[in-house]
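Here the structure is laid out as structure tokens; the discussion comes afterwards.
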Amino acid sequence: MFQKTVKKSFTLEGRGLHFGRNARIVVHPAPADHGIVFKRTDVDHRHAYIKASFENVSKTYLRTQLTNCFGVSIITAEHILAAFAGLGIHNALIELSEAEVPILDGSSRTFVKSILETGVSELTKKINLYQVVNSIRVGNSDAWAELRPAKKFSIDFEMDWPGTALGKQSLDMPIVNGAFVREICDSRTFCRKSDVVRLKDEGFALGGGIENAILVGEDEMTASNGLRYTDECVRHKILDALGDLSLVGRPILGKFVSCSGGHGLTNMLLRESFKRGDVFVNKEFSDGDRDKLPGFDISNVDTQNIL
């Protein structure tokens with residue numbers, strides 16, 4: 001199979017979750033081996049480009065922030081990155097009028113819908129994978145992240161928020177074919193009700209509210225039109241993990257497992273994997289890999305709640 005990009009450009013607008021400023025995002029097709037690249041249109045064009053790479057991750061507190069060598073950043077990149085990874089989009093140029101990617105409804109749903117409506121084009125170069133051949137774990141006994149060899153790409157996530165209505169949630173699922181579109185992409189971000197005032201005092205969550213986030217209290221969880229899944233929060237953690245893992249620049253054939261992890265641990269895991277040098281091997285995509293990775297053979301059933 002061959003690398004893919006969007007068929008034509010599309011535009012979305014909205015405000016950022018953390019800094020609350022309005023932003024316009026334009027996603028353009030890109031050639032093979034271009035990768036996912038952001039371009040800030042509000043800075044000098046010579047300094048404007050930021051490649052979506054785990055090596056460019058500069059901050060991971062509450063979001064994934066990418067920064068180039070000129071100090072220019074893209075903030076809260078994980079949801080659009082998850083949409084590209086879940087649909088098997090390997091190349092795109094994303095123009096952004098502000099630093100922060102719009103939060104929209106707090107999930108990847110609008111990005112996925114726009115890509116599906118715009119269409120996907122195959123390019124002329126084959127896909128290469130990173131196949132996990134040796135396990136690696138980072139973190140400690142309380143919070144950790146791990147990559148393991150596996151026959152299909154899957155994510156197994158567990159989280160525990162004692163003393164809240166969320167409690168303990170876990171989900172282990174293969175993210176293959178249309179599973180991301182069908183079961184993960186519309187899961188929204190979340191935070192503790194008790195943290196809202198503190199976060200705003202720290203200058204975060206200025207664009208947040210129940211229209212784009214789930215508020216987790218001691219006895220209940222509040223969200224616009226109710227929860228989309230009883231375990232929506234752990235599904236969103238899987239969404240975030242997919243976006244962060246995509247920063248290796250190609251699909252991963254293996255299993256990602258995390259307990260109470262987040263953006264920081266996922267990035268640490270990728271950095272340590274390449275530092276160690278024996279976790280991945282390069283693999284050219286074959287027809288037998290179609291059912292082992294996200295983004296292939298997405299059906300009308302997968303998209304019925306999106307389109």
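Considering all non-hydrogen atoms of both residues, P29 and S9 come closest at CD-OG, 3.5 Å.
Ring to ring, F274 and Y130 are close: their centroids are under 6.0 angstrom apart.
One distance of note links CD of E232 with CE of M221; it measures 8.5 Å at 0.5 Å rounding. Distance check: R192 CZ to I214 CD1 gives 14.0 Å after rounding to the nearest 0.5 Å. Here NZ of K168 is found 15.5 Å from CH2 of W161. Values are rounded to the nearest 0.5 Å. Here the straight-line distance linking atom CG of N267 with atom CD of E55 works out to 9.5 Å at 0.5 Å rounding. In this structure, CG on D201 lies 11.5 Å from CG on D195, to the nearest 0.5 angstrom. In this structure, S246 OG and I89 CD1 are separated by 12.0 Å, a value rounded to the nearest 0.5 Å.
No path of Ile, Leu, Val, Met, Phe, Trp and Tyr side chains, each step under 4.5 Å between heavy atoms, connects L104 with L62, placing them in separate hydrophobic clusters. Each of L93 and L81 belongs to its own hydrophobic cluster when Ile, Leu, Val, Met, Phe, Trp and Tyr are linked at side-chain heavy-atom distances under 4.5 angstrom. F38 and F111 end up in the same hydrophobic cluster when Ile, Leu, Val, Met, Phe, Trp and Tyr side chains are linked at under 4.5 Å. Hydrophobic clustering of Ile, Leu, Val, Met, Phe, Trp and Tyr side chains at less than 4.5 Å, counting indirect connections, keeps I252 apart from V176.
K237 contributes a side-chain N or O that, together with a main-chain N or O of G261, makes up a donor-acceptor pair within less than 3.5 Å. Formation of a donor-acceptor pair under 3.5 Å by the E78 side chain with backbone atoms of T64 is found in this model. Between the side chain of R109 and the backbone N or O of N305, at least one donor-acceptor pair lies under 3.5 Å. Formation of a donor-acceptor pair under 3.5 Å by the T5 side chain with backbone atoms of A30 is found in this model. The backbone N or O of W144 sits less than 3.5 Å from a side-chain atom of S258, completing a donor-acceptor pair.
The 12-atom threshold is exceeded at NZ of K200, counting heavy atoms of other residues, nucleotides or ligands nearer than 6.0 Å. In the displayed structure, R24 atom CZ is contacted under 6.0 Å by at most 12 heavy atoms of other residues, nucleotides or ligands. Residue-environment remark: CG (N300) stays at or below the threshold of 12 foreign heavy atoms within 6.0 Å. Around atom CG of D44, more than 12 heavy atoms belonging to other residues, nucleotides or ligands sit under 6.0 Å away. Other residues, nucleotides and ligands contribute only 12 or fewer heavy atoms inside 6.0 Å of the CD atom of E218. Other residues, nucleotides and ligands place more than 12 heavy atoms under 6.0 Å from the NZ atom of K193.
Looking at heavy atoms from C-beta onward, D105 lies in side-chain contact with R228 at the 4.5 angstrom threshold. Here the side chains of T189 and N212 are not in contact, with every heavy-atom distance at 4.5 Å or above.
Note on ring orientation: taking the six-membered ring where Trp is involved, the planes of H18 and F204 are perpendicular (angle over 60°, cut-offs 30° and 60°). Classified by interplanar angle (parallel below 30°, tilted 30° to 60°, perpendicular above 60°), the ring pair H236/H79 is perpendicular.
The side chain to side chain donor-acceptor pair (under 3.5 Å) test with S154 is passed by exactly one of K255, R148, K292: K255. None of D156, L269, D244 except one satisfies the side chain to side chain contact (heavy atoms under 4.5 Å, CB included) rule with F256; the exception is L269.
The pair E272-R276 fails the salt-bridge criterion, with no side-chain N (NZ, NE, NH1 or NH2) lying under 4.0 Å from an Asp/Glu carboxylate O. In summary, E100 and R21 do not engage in a salt bridge, as defined by a charged side-chain N under 4.0 Å from a carboxylate O.
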